[in-house]
Amino acid sequence: MNKSLMFLLLALDLGLLNGCGGSATPPPPATHLSLSVPANAPNSVSLSVMVTALDASNQPTTNYSGIVHFTRSDPRAQLPADSTLASATRTFPVTLTTAGSQTITATDKAVASISGTSSQINVGAFADAFPVEWYGAKGDGVTDDTAAIQSAINAAVAAGGGSVLFKVARYFTTGTFLVPDGVVLCGTVEGPFDVQGVDPAATAIAPTLLVTNTASPFLSLRGNGSAGVTDLLFHYPNQVKTSASVPNIYPYTILLESGKVARLTVTNAYNFVDVDNNNGSDGSELAEDLYIGAFNIGVHVDHAFNGLTLHNLHNGVFWDEVEGASYPTAVDKWVLNNGTALVVGRVDGLRLHDFSVFSRFAGILFTDSPDTSLDQRSGGGASSDIDLETVQYGVIVTASTGYGYGYEFTNLQVSAAPGLGLAAVQLRSGGSSPPEVLVNGGSVRGTWALGAFPTPQAGNLTHVNIIGSDLP
Amino acid sequence: MKTTLVIVLFWTLCAGTVARAVCAGTSVAAYGAKGDGASDDTAAIQNAINAASAAGGGSVVFNVARYYTIGTFVVPTGVVLCGAIEGPFDVAANANPATTVIAPTLLVTNTSSPFITLQGLGAGVTDLLFHYPSQVSVTASTPKVYPYTIVAASPGTKVMRCLVINAYDFLDIESGRVLVQDIQIGAYHYGVNVDHAYDHVTLRNQGDGPFWDFAQNLPYPQPIDNWVASNGIALVVNRADGLEIHDFGTFSLYAGMLLTDSPDTTQNPRCGYGTGTDIHFDGTVYGIIATASNTPGYEFTNLLAGGAAPPPGTLHGQAAVQLQAGGSMAPDLLINGGSEYNGWVLGAFPTPAAGHLTVVNVIGYDIP
């Protein structure tokens, strides 16, 4: 049937029934208001309050043209100005700023009985903070919290940025996460943490993320330099036991394209942090106060076209600590033949301080970036207070920047792995630019097969002011 | 009993005694700040500072938002202005903080006084991004002059995990026992100035660079970078009794450091002393200029000094470390370990015009 004809018939019908010249029946008048609010709200973040005019039978009605005035329990909330609803419902922004249970009330300015109060809103204590529990995370070490954590990140992004908070609990995950600008994943207690005699897969001792994904880096920090990860413990519950001879391979725990990582602990990772700005950003990254238990590579650096600060990094055998196993375990032997605490490709101005290593193949490898499209594939920088203990090689250098400033160390302590020590500092040929290294102050101990500072195959090695039992 | 416990917990949360992971305290939103990048939030921020001060001190918290201001602030004893997410921040590529929210951001427009004065024991600024939206474009030849972004006028004050873009002068330290850590500085003229510091000042992890180019997503060098190569200095030290500086990197400035006399002639002595490690000046006309130092002088370990090679090109590297005559006391410097590179016109470490320069254990291309 033709729609306009149908409408005409309907109008005529109504007109006959009402006997009043064809006007429609007005909807029932509004008698009260309802306010729909979220159960939880971050402190100081704008949230949406949906106000609906209801009739006596609790149905939404458009028969309301009054002006709504807002009041609240939170004395410092930011409320909308007095407004009409325009239709049955309208959504208003409200910002709550006092922690605890809060409510919002809307009241008609003329008829006080037309009113409504929201349910309780739990307002967080910290501005811009998004606890993952609000988005369904269980933190019980068993339930997959991947989707809930992603929802919390999404909520922070939608608010323009914020801190995604993890309690002292074990968050089991199967997926991976992208952390964009303005978002920081952080624990609610300050790290870094330790695991001596405690298995983080079974006991909550810190805000802990249990990582099982094998396909991609667990966290990717991407953007212009405002993303971050702080005060968390990462553990790989499906990693092999220390009695195994070879670890399982996982991607990096954190891909740091921009931003900062601080006060973290990782146990049983294969590779921990990859600092790589090759995705368009070229900012100054910061990594500090990290306890690293990674079997293969602790920190890898490449495409760092600006300064990079690594401050207070400790690389240890945390897998033994977790199991209460006596060093050296079977997997430690693999690490002694394969693990490198720090691998550096292209970096323009590394600043490395308070860096300690126990039981690795090499403490530091300075080498060329595998990316041959770079004009300079190697880097340079300055380092102080480095302690490389029980290693086959302390520092291996195959290349340093062709700009000419090389790598300088002050207070470099190197001790050989018993029976395995090959060189405290070794410069090798084959890099894109000959390595140039200064070691000014430090010590060597242990038995070095090739001498503490063997004659370099390429480049220049200057070492002065060295003490110790095994000087060449 | 239970009520007491709840109150104690609430107080604990609100007093900011948790990890720096999150900053608790008086939200500027609670005092009406909009953070929309357009409304003037000066009065709201001042009210929040007043409330925190009246409560005996506390944190004044800024969301990840852009707070436009026209005024200036004095931060009193026990009050810390802090961002809601942990810094430091960056604007690596094409993020203009005047239009895009990437961090807790203060937009500064006042031209008459320092934007923030830390005037009281324990006052501080942490985890914030400062931007000058009315500064000239990088295609201009001369920057617009503003007063310092921050003046640290009292002992116990701190500036941590902050980024500034398009400032003229960033931080003026006018007291001893001031801590500055993890800061990224885009200031055309002076990054940090130190004077009247009658006790130690610690600067840890400071980076100075052309953040203005990043913010406008334009390639280095821009016309404004030429002005900076003739005028910009990352750190100026006048009277300082025990400067401690670590992890200091600069790119594309006239000088990395100027160690000189205070303009305040009432001080005796007028110059300072201190130690530093892991310092990297890249693309500078001078690495360090010293006109004066107090005993025991300045000692630096791992000093990497790179000359300015064209571009920007109008000024080549003049000296990695140059001691000049004319100060109130002859400068005395030790460089123990480091490197210099990139074409120094007068030699990497020219014979000092005054005082004593000891250089040992230096590697690099341009050793005299």
Side-chain angles (χ1 to χ4, degrees), chain A residues 43-45 76 78 95 97-99 125-129 160-163 165 181-184 186-190 223-226 228 230-231 258 260 262 277 280-284 286 306-307 309 311 348-349 351 353 380-384 403-406 408 410 436 438 440 460 462 464, chain B residues 10 13-14 18-24 27-32 61-65 84-95 101-103 129 163 182 184 205 207 209 214 246-247 249 251 277-280 282 301-302 304 306 336-342 361-366:
Chain A
N43 195 310
S44 306
V45 171
R76 295 210 162 275
Q78 289 188 21
T95 301
T97 64
T98 303
F126 312 119
D128 264 2
S163 300
L165 297 190
D181 266 335
V183 175
V184 176
C186 61
T188 52
V189 299
E190 183 162 338
N224 290 287
S226 297
T230 72
D231 308 287
S258 71
K260 61 267 168 178
N277 333 92
S281 63
D282 60 352
S284 301
L286 172 65
N306 205 330
T309 300
H311 184 212
D348 294 350
R351 297 184 284 271
H353 277 297
S383 306
S384 299
Y403 294 135
Y405 50 92
E408 283 97 61
T410 301
E436 176 115 17
L438 167 67
N440 178 8
N460 297 302
T462 303
V464 294
Chain B
F10 183 77
L13 287 168
C14 292
V18 295
R20 171 52 212 127
V22 280
C23 186
S27 165
V28 294
Y31 291 84
V61 185
F62 295 78
N63 285 34
V64 181
I85 62 169
E86 182 165 329
F89 311 106
D90 205 334
V91 288
N94 197 20
V101 182
I102 55 169
L129 190 163
L163 164 68
D182 298 332
Q184 304 278 6
N205 193 31
F214 304 150
H246 301 283
D247 298 339
F251 176 66
T277 60
D278 301 328
I279 295 165
H280 187 184
D282 196 6
T301 301
N302 289 353
L304 286 63
N336 177 11
S339 66
E340 42 64 52
Y341 55 99
N342 263 1
N361 306 321
V362 171
I363 63 173
Y365 284 170
D366 299 290

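To find a chain, count down the sequence lines: A is the first, B the second, and so on, and within it residues start at 1.
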**Student:** Does the side chain of B/Pro88 reach to within under 4.5 Å of the side chain of A/Leu286, using non-hydrogen atoms?
**Tutor:** yes
**Student:** For A/Ala382 versus B/Leu304, what's the shortest heavy-atom pair and its separation?
**Tutor:**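 Taking A/Ala382 first and B/Leu304 second, the nearest heavy atoms are CB-CD1, 3.8 Å.
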**Student:** Checking side-chain polar atoms at under 3.5 Å, does A/Thr309 have a donor or acceptor matched by the opposite partner on B/Asp247?
**Tutor:** no
**Student:** Under 4.5 Å heavy-atom distance to chain A, tell me which part of B/Asn63 shows up: side chain, backbone, both or neither.
**Tutor:**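 Looking at B/Asn63, backbone and side chain both touch chain A.
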**Student:** Can you tell if the side chain of A/Asn43 reaches within under 4.5 Å of the side chain of B/Ser27, non-hydrogen atoms only?
**Tutor:** yes
**Student:** Can you name the nearest heavy-atom pair linking B/Val61 to A/Ala127, along with the distance?
**Tutor:**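 Nearest pair, atom of B/Val61 first, then A/Ala127: CG1-CB, 3.6 Å.
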**Student:** Check B/Val362, B/Asp278, B/Ile363 against A/Glu408 for a side chain to side chain contact (heavy atoms under 4.5 Å, CB included) and give me the one that passes.
**Tutor:**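 The passing option is B/Ile363.
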**Student:** Do any N or O atoms from the side chain of A/Ser44 and from the backbone of B/Val28 form a donor-acceptor pair under 3.5 angstrom?
**Tutor:**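 Answer holds: no.
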**Student:** In terms of heavy-atom pairs under 4.5 Å, which option from A/His311, A/Arg76, A/Gln78 contacts chain B the most?
**Tutor:**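 That would be A/Arg76.
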**Student:** Indicate yes or no for a side-chain donor-acceptor contact from B/Asn302 to the backbone of A/Ser383 under 3.5 Å, with no hydrogens or angles considered.
**Tutor:** yes
**Student:** Is there side-chain contact between A/Lys260 and B/Asp182, with heavy atoms separated by less than 4.5 Å?
**Tutor:**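 They are not in side-chain contact.
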**Student:** OG/B/Ser339 to CG/A/Leu438 distance, rounded to the nearest 0.5 angstrom?
**Tutor:**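 With rounding to 0.5 Å, OG (B/Ser339) is 8.5 Å from CG (A/Leu438).
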**Student:** Has A/Asn440 got a side-chain atom pairing as donor or acceptor with B/Asn361's backbone, closer than 3.5 angstrom?
**Tutor:**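 Side chain of A/Asn440 to backbone of B/Asn361: no pair is present.
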**Student:** Rounded to the nearest 0.5 Å, what separation is found between the CD atom of B/Gln184 and the CG atom of A/Asn306?
**Tutor:** 7.5 Å
**Student:** Non-hydrogen atoms of chain B under 4.5 Å away: do they reach the side chain of A/Thr462, the backbone, both or neither?
**Tutor:**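 Answer is side chain: those atoms of A/Thr462 sit under 4.5 Å from chain B.
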**Student:** Quick one: closest heavy-atom pair of B/Glu86 and A/Ala262, and the distance?
**Tutor:**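 That would be OE2-CB, 4.1 Å.
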**Student:** Measure A/Thr95 against the heavy atoms of chain B and call it side chain, backbone, both or neither at under 4.5 Å.
**Tutor:** side chain
**Student:** May I have the step-by-step check of ring-ring contact (aromatic ring centres under 6.0 Å, His included) for B/Tyr341 and A/Tyr405, ending in yes or no?
**Tutor:** CA-CA 6 Å; B/Tyr341 55 99; A/Tyr405 50 92; 4.5 Å; yes
**Student:** Identify the residue among A/Val45, A/Asp128, A/Asp181 that makes a side chain to side chain contact (heavy atoms under 4.5 Å, CB included) with B/Val64.
**Tutor:** A/Asp128
**Student:** To the closest 0.5 Å, what do you measure between OG (A/Ser226) and CG (B/Leu163)?
**Tutor:** 7.5 Å
**Student:** Holding to ring pair (Phe, Tyr, Trp, His ring centres under 6.0 Å), I want the full list of residues that pass it with B/Tyr31, two or more places apart in sequence or in another chain.
**Tutor:** none
